[in-house]
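One structure below.
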Amino acid sequence: DAGVTQSPTHLIKTRGQQVTLRCSPKSGHDTVSWYQQALGQGPQFIFQYYEEEERQRGNFPDRFSGHQFPNYSSELNVNALLLGDSALYLCASSSLAGAYGELFFGEGSRLTVL
Amino acid sequence: DAKTTQPNSMESNEEEPVHLPCNHSTISGTDYIHWYRQLPSQGPEYVIHGLTSNVNNRMASLAIAEDRKSSTLILHRATLRDAAVYYCILRDHRRSARQLTFGSGTQLTVLP
């Protein structure tokens, strides 16, 4: 049973560019959340998707947007990249039915903005 | 959200027990205590969670103080693979939001 898969694993962009990160949730999971982890810090919640809609959002600007597809996979888009957007972007999946149980995280996409 | 306080770092010898403390003096009655850990170059992984009673699973034990203002994650026999950042997180199970609010965690070093 595949866990949470994310792509790409590493990427380099320049300031002002746009980036799209992808996530496939664990089999049987219908909810996807995205987190940003700066170096040396804990992950910070960006937003959560369920039934193809953004359900919760953390303290991130509108440059961060997302999408969830009918197969529950998800994308995170970041526009007008800033140097401060350099971070590890983590996707986590869960089942709404098991809402207060564990979240399963992918290994992340490491974004470097030059 | 109620906050947690953890030591920045701890060391342990291999094959010895490890007690990782967490203070959460402003915990509310509906907050569950969750622990996640993050191994190097990996995403966080769930370890254990509890409300009031002590909890055990195959990975660890969670001891919760009677007043719930502190808790301790216990690794019964540390291995080198247990070297990771351990996060103690409070999660209100009443709220519709299900995100995790991570602090900076405790970096556990296991010495051979």
Side-chain angles (χ1 to χ4, degrees), chain A residues 2-7 9-10 21 23-26 29-51 53-60 66 76 87-110, chain B residues 1-9 20 22 24 28-52 55 57-60 62 73 84-109:
Chain A
V4 178
T5 58
Q6 294 187 242
S7 63
T9 54
H10 295 83
L21 307 177
C23 172
S24 292
K26 181 178 170 62
H29 285 182
D30 54 13
T31 302
V32 173
S33 302
W34 287 92
Y35 290 77
Q36 180 196 65
Q37 185 172 26
L39 202 60
Q41 298 183 22
Q44 301 298 308
F45 174 73
I46 302 175
F47 43 52
Q48 179 190 76
Y49 276 83
Y50 170 68
E51 290 187 330
E53 289 189 14
E54 184 182 295
R55 299 292 179 169
Q56 298 288 340
R57 189 178 183 92
N59 188 25
F60 280 81
L76 164 65
L88 180 67
Y89 288 86
L90 295 160
C91 172
S93 76
S94 57
S95 168
L96 190 66
Y100 304 116
E102 59 186 290
L103 269 65
F104 289 81
F105 285 83
E107 294 193 351
S109 294
R110 171 75 63 187
Chain B
D1 290 335
K3 291 188 175 180
T4 63
T5 304
Q6 300 177 252
N8 289 333
S9 62
L20 296 163
C22 181
H24 29 78
S28 74
T30 52
D31 281 335
Y32 278 69
I33 302 158
H34 287 245
W35 283 81
Y36 280 72
R37 71 179 185 181
Q38 188 170 19
L39 302 172
S41 301
Q42 294 189 24
E45 66 174 345
Y46 168 83
V47 177
I48 200 167
H49 78 279
L51 181 62
T52 56
V55 183
N57 66 20
R58 63 174 181 81
M59 288 182 68
L62 177 60
L73 179 70
V85 179
Y86 286 78
Y87 296 99
C88 171
I89 300 165
L90 300 183
R91 202 172 182 202
D92 188 340
H93 285 202
R94 290 176 309 168
R95 297 174 60 187
S96 60
R98 298 178 180 87
Q99 70 268 28
L100 300 177
T101 301
F102 290 82
S104 52
T106 297
Q107 174 69 61
L108 175 66
T109 300

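Hydrogens, waters and symmetry mates are skipped; everything else that's a heavy atom, side chains included, is used. Below, read A as the first sequence line, B as the second, and so on, with proteins coming before strands; counting in each chain starts at 1.
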Centroid separation under 6.0 Å, is that true for the rings of A:Phe45 and A:Phe47? no
Hey, would you say the B:Tyr46 and B:Tyr36 ring centroids sit under 6.0 Å apart?
-> yes
> Ignoring hydrogens and geometry, is there a side-chain-to-backbone donor-acceptor pair from A:Glu51 to A:Thr31 under 3.5 Å?
Replying inline: no
Under 3.5 Å, is there a donor on one side chain and an acceptor on the other for B:Arg91 and B:Tyr32?
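The criterion, which ignores hydrogens and geometry beyond distance, is not satisfied for B:Tyr32 and B:Arg91.
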Most contact-rich option vs chain B, by heavy-atom pairs under 4.5 angstrom, among A:Arg110, A:Glu107, A:Gln37, is A:Gln37
Based on non-hydrogen pairs under 4.5 Å, which of B:Ser41, B:Pro44, B:Ser104 is most in contact with chain A?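 Option with the top pair count is B:Pro44.
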Exercise for the section: Tell me, for B:Gln38 versus chain A, whether the close heavy atoms (under 4.5 Å) come from the side chain, the backbone, both or neither. Expected result: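 For B:Gln38, side-chain heavy atoms alone lie under 4.5 Å from chain A.
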